[in-house]
Amino acid sequence: MLELKGVHTYYGHIQALKGVDVTVEQGEIVTLIGANGAGKSTLLMTICGNPRAARGTVTFEGKDIGRLPLKDIARLGIQQVPEGRRIFSRMTVLENLQMGCTLADPANYKNDLDRMFAMFPILEKRQAQRAGTLSGGEQQMLAICRALMSRPRLLMLDEPSLGLAPLIVKQIFKTIQDLNREHGTTILLVEQNAFHALKVAHRAYVLQNGEIRLKGSGQELLSNPEVRALYLEGG
Ligand code: ATP
């Protein structure tokens with residue numbers, strides 16, 4: 001479904017990605033782990049087209065999307081939930097969800113809203129509440145739901161567990177797994193919480209200093225000594 005080949009991305013003179021190859025097949029959960037500054041967020045942003053890859057190709061469903069206008073990339077069904085959630089905090093929960101379906105067929109709105117509320121009953125209870133007053137976990141769920149309202153073909157999540165209490169982290173990863181299993185959503189997940197992220201992943205990559213250092217199934221990487229030493233201490 002998605003293929004990055006030899007992708008190099010720069011911020012001015014700083015090279016954040018140095019020839020990265022990554023693939024995501026339809027129906028997979030693929031996880032990307034790595035230390036702070038390894039280039040994980042840059043990889044997701046490069047797929048969305050901002051910043052652009054300076055070299056290499058980004059292909060989605062057989063189409064080179066490396067030079068497409070940003071809105072056209074989103075229209076192909078690629079949705080990112082950025083780090084830090086970025087919900088509209090002054091708008092209500094319901095308004096946030098309405099914003100999410102601007103790219104979708106309005107005919108699906110009611111159905112999709114019911115589906116989100118069935119998945120996250122707390123959001124239904126809080127639908128008239130300002131989003132900024134939700135708890136951290138609820139805001140993350142809202143951010144994920146908002147992205148789902150556009151029925152993405154590929155959902156990219158940047159550190160969905162960041163700053164959340166352990167119980168909520170478990171819930172978020174369960175949601176990710178449910179979305180994939182029950183709705184067939186293809187997911188590219190970036191995480192520092194390597195233990196949970198590898199457990200739910202079909203396949204995973206370890207990014208180090210802008211390069212792919214290791215790849216394998218989630219299980220393989222969970223038992224890899226280097227991964228254990230570097231990313232799973234205390235996990
Ligand atoms: P983290 O988990 O800390 O978010 P990351 O793996 O997502 O890290 P990136 O945010 O992709 O890493 O950053 C990769 C490199 O690019 C880092 O060296 C970072 O300092 C640099 N970088 C990221 N964004 C910018 C920017 N807007 N301008 C300049 N350099 C940047």
Side-chain angles (χ1 to χ4, degrees), residues 2-24 29-58 60 65-67 69-70 73-74 78-87 136-137 139-140 143-144 147 152 154-166 168-169 172-173 176 187-201 203-216 218 221-222 224 226-235:
L2 176 78
E3 185 175 35
L4 279 75
K5 256 192 183 162
V7 166
H8 295 245
T9 302
Y10 294 81
Y11 297 101
H13 294 299
I14 299 170
Q15 186 168 11
L17 296 179
K18 304 170 183 167
V20 167
D21 294 337
V22 164
T23 58
V24 179
I29 300 178
V30 173
T31 287
L32 207 61
I33 59 169
N36 278 323
K40 305 182 297 296
S41 302
T42 303
L43 195 143
L44 296 193
M45 293 190 301
T46 303
I47 294 165
C48 294
N50 183 23
R52 302 274 183 192
R55 269 167 59 198
T57 54
V58 182
F60 184 69
I65 61 168
R67 294 285 167 267
L70 303 191
I73 296 177
I78 300 177
Q79 272 289 325
Q80 188 191 359
V81 179
E83 196 177 326
R85 298 162 211 147
R86 307 221 191 118
I87 48 152
Q139 289 189 24
Q140 187 57 273
I144 294 173
L154 173 67
L155 179 66
M156 303 197 291
L157 301 168
D158 195 348
E159 309 254 10
S161 78
L162 193 72
L164 300 178
I168 310 294
V169 170
I172 294 281
F173 281 105
I176 291 170
I187 294 171
L188 178 56
L189 172 66
V190 158
E191 262 296 339
Q192 286 204 27
N193 193 331
F195 177 69
H196 284 291
L198 291 176
K199 263 180 85 172
V200 301
R203 290 186 307 107
Y205 295 85
V206 177
L207 199 58
Q208 201 173 54
N209 288 322
E211 292 176 285
I212 300 296
R213 162 95 194 173
L214 293 166
K215 61 178 181 173
L221 292 190
L222 266 177
N224 178 294
E226 191 178 341
V227 173
R228 296 187 77 86
L230 286 174
Y231 305 105
L232 294 174
E233 267 164 323

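We count residues from 1, following the sequence as given. Atoms within each ligand, like the ligands themselves, are counted from 1 in listed order.
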Q) Ignoring hydrogens and geometry, is there a side-chain-to-backbone donor-acceptor pair from Thr9 to Thr46 under 3.5 Å? A) no

Q: Mind checking side-chain hydrogen bond (donor to acceptor under 3.5 Å, both in side chains) for Asp158 and listing every partner two or more places apart, or none if nothing turns up?
A: Ser41

Q | Qualifying residue for side chain to side chain contact (heavy atoms under 4.5 Å, CB included) with Ile187, from Ile176, Val24, Val30 | A | Ile176

Q. Is any side-chain N of the basic residue among Lys40 and Glu191 closer than 4.0 Å to the acidic one's carboxylate O?
A. no

**Q.** Atom-level proximity to ligand 1, residues with heavy atom under 4.0 Å
**A.** Tyr11, Ile14, Ala16, Ala35, Asn36, Gly37, Ala38, Gly39, Lys40, Ser41, Thr42, Glu83, Glu159, Gln192

Q.
Would you say Asn36 and Gln192 are linked by a side-chain donor-acceptor pair, where the criterion is simply a distance under 3.5 Å?
A. yes

Q: Evaluate side chain to side chain contact (heavy atoms under 4.5 Å, CB included) for Val20 paired with Glu211, printing each intermediate quantity in order.
A: CA-CA 6 Å; Val20 167; Glu211 292 176 285; 5.8 Å; no

